[in-house]
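One structure is given below, encoded as structure tokens.
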Amino acid sequence: MSLYLCLFVSGAEADGVDAGSYGDFNRLRRYIAGELEDGAPGSRFPILVLHSDCEGEWSPEDCAGLRDELAGIIEAMKERPATNLLPGWQAALAKTLGLEPCNALESFIDADGEPLLLRLLELVEAALSAGEPILFQ
């Protein structure tokens, strides 16, 4: 089952990110907790790491804090070594697209092969501009 994060504006979908499976998304959050929060989930990045991944939302207020969290996470992960892409769809997609992660940021991709955290940041920026929540579907 896939986790889709999306933004609706005036009742129509304006943007969305397919984060892969719930397990893929949780693997990213476990990495962040282990590597960037010294094993204390949510101690530095509570909006991303502690939010339930089932049917919910990040409110516009959440998105303001999430933007700051993502900026810090992205910068830190650019400096960390690459990790292995998950076997299965991620490895297959990376092979098809010729992707070879150079750092930890590039080691977590969305269903289009883009760095997941960069796509999330774009979605957060769009949500803030629209004053709308990001929905978990």
Side-chain angles (χ1 to χ4, degrees):
M1 191 163 186
S2 184
L3 173 60
Y4 188 66
L5 302 166
C6 58
L7 168 66
F8 284 85
V9 177
S10 300
E13 185 176 342
D15 198 1
V17 175
D18 184 340
S21 72
Y22 287 87
D24 298 332
F25 189 66
N26 285 324
R27 177 180 174 254
L28 168 63
R29 297 195 302 181
R30 282 191 309 272
Y31 175 89
I32 291 167
E35 295 292 323
L36 305 180
E37 296 181 313
D38 297 322
S43 61
R44 292 183 57 205
F45 308 110
I47 299 169
L48 179 66
V49 173
L50 298 180
H51 191 287
S52 172
D53 61 9
C54 35
E55 307 261 344
E57 69 179 35
W58 279 312
S59 68
E61 294 78 21
D62 292 336
C63 286
L66 184 57
R67 176 179 50 197
D68 295 337
E69 287 185 13
L70 288 171
I73 293 166
I74 288 167
E75 288 308 308
M77 288 180 66
K78 284 180 183 177
E79 302 300 320
R80 297 201 175 255
T83 65
N84 293 330
L85 292 169
L86 289 177
W89 74 267
Q90 287 188 8
L93 180 60
K95 183 177 180 181
T96 299
L97 297 175
L99 300 176
E100 292 188 31
C102 296
N103 55 41
L105 177 64
E106 296 174 1
S107 298
F108 297 90
I109 59 175
D110 71 1
D112 295 322
E114 300 294 324
L116 178 56
L117 291 169
L118 295 179
R119 284 291 296 124
L120 283 176
L121 184 57
E122 290 172 5
L123 187 62
V124 165
E125 293 290 356
L128 287 168
S129 291
E132 296 290 342
I134 293 173
L135 304 177
F136 286 64
Q137 297 187 334

Inset, instruction - Determine yes or no for a side-chain-to-main-chain donor-acceptor pair under 3.5 angstrom, with Arg44 supplying the side chain and Ile32 the backbone. - result: no
Legend entry - Summary of salt bridge (Lys or Arg N to Asp or Glu O under 4.0 Å) pairs that have at least one residue in residues 114-129, sequence neighbours excluded: Asp15-Arg119, Arg67-Glu125, Asp110-Arg119, Arg119-Glu122
Legend entry - Side-chain hydrophobic cluster, 4.5 Å single linkage: members besides Leu135: Phe8
Legend entry - salt bridge (Lys or Arg N to Asp or Glu O under 4.0 Å) contacts in which one or both residues fall within residues 19-28, not counting sequence neighbours: none
Inset, instruction - Please name all residues satisfying ring pair (Phe, Tyr, Trp, His ring centres under 6.0 Å) with Tyr31, sequence neighbours left out, ordered by chain then number. - result: Phe108
Inset, instruction - Over all heavy atoms of both residues, which pair between Ser107 and Ala82 is shortest? Give the atoms and the distance, please. - result: OG-CA, 3.4 Å
Inset, instruction - Enumerate the residue pairs fulfilling salt bridge (Lys or Arg N to Asp or Glu O under 4.0 Å) with a member in residues 74-87, sequence neighbours excluded, ordered by first and then second residue. - result: Glu35-Arg80, Glu75-Lys78
Inset, instruction - Using a 4.5 Å cut-off on heavy atoms from C-beta on, say whether the side chain of Cys63 contacts that of Glu132. - result: no
Inset, instruction - Apply the test side chain to side chain contact (heavy atoms under 4.5 Å, CB included) to residues Phe25 and Leu48: give CA-CA distance (whole Å), side-chain angles for both, the deciding distance (0.1 Å), then the verdict. - result: CA-CA 10 Å; Phe25 189 66; Leu48 179 66; 4.0 Å; yes
Legend entry - side chain to side chain donor-acceptor pair (under 3.5 Å) involving Ser59 - partner list, sequence neighbours excluded: Glu61, Asp62
Inset, instruction - Name all residues meeting the side chain to side chain contact (heavy atoms under 4.5 Å, CB included) criterion together with Asp68; count only those two or more places apart in sequence or in a different chain, and write none if there are none. - result: none
Legend entry - All side chain to side chain contact (heavy atoms under 4.5 Å, CB included) counterparts of Ala76, not counting sequence neighbours: Leu36
Legend entry - Audit row: Tyr4, Val17, side chain to side chain contact (heavy atoms under 4.5 Å, CB included) steps and yes/no: CA-CA 6 Å; Tyr4 188 66; Val17 175; 5.8 Å; no
Inset, instruction - Provide the full list of salt bridge (Lys or Arg N to Asp or Glu O under 4.0 Å) pairs with a residue in residues 98-108, sequence neighbours left out, each pair given once. - result: none
Legend entry - Contact list for residues 81-106, test ring pair (Phe, Tyr, Trp, His ring centres under 6.0 Å), sequence neighbours left out: none
Inset, instruction - State yes or no: do Leu121 and Leu117 share one hydrophobic cluster built from I, L, V, M, F, W and Y residues joined by side-chain heavy-atom distances below 4.5 Å, directly or via other members? - result: yes
Inset, instruction - Would you check if Ile134 and Leu120 make a side-chain contact, meaning some heavy-atom pair closer than 4.5 Å? - result: no
Inset, instruction - Kindly say whether Cys6 contributes a backbone atom to a donor-acceptor pair with the side chain of Glu13 at under 3.5 angstrom? - result: no
Inset, instruction - Could you tell me which residues satisfy side chain to side chain donor-acceptor pair (under 3.5 Å) with Asp18, sequence neighbours excluded, listed by chain and number? - result: Ser2
Inset, instruction - Please name the pair of heavy atoms, one in Leu97 and one in Gly113, separated by the smallest distance, quoted to 0.1 Å. - result: CD1-CA, 4.0 Å
Inset, instruction - List in chain and number order the residues that pass side chain to side chain contact (heavy atoms under 4.5 Å, CB included) with Pro60, two or more places apart in sequence or in another chain; answer none if no residue qualifies. - result: Pro133
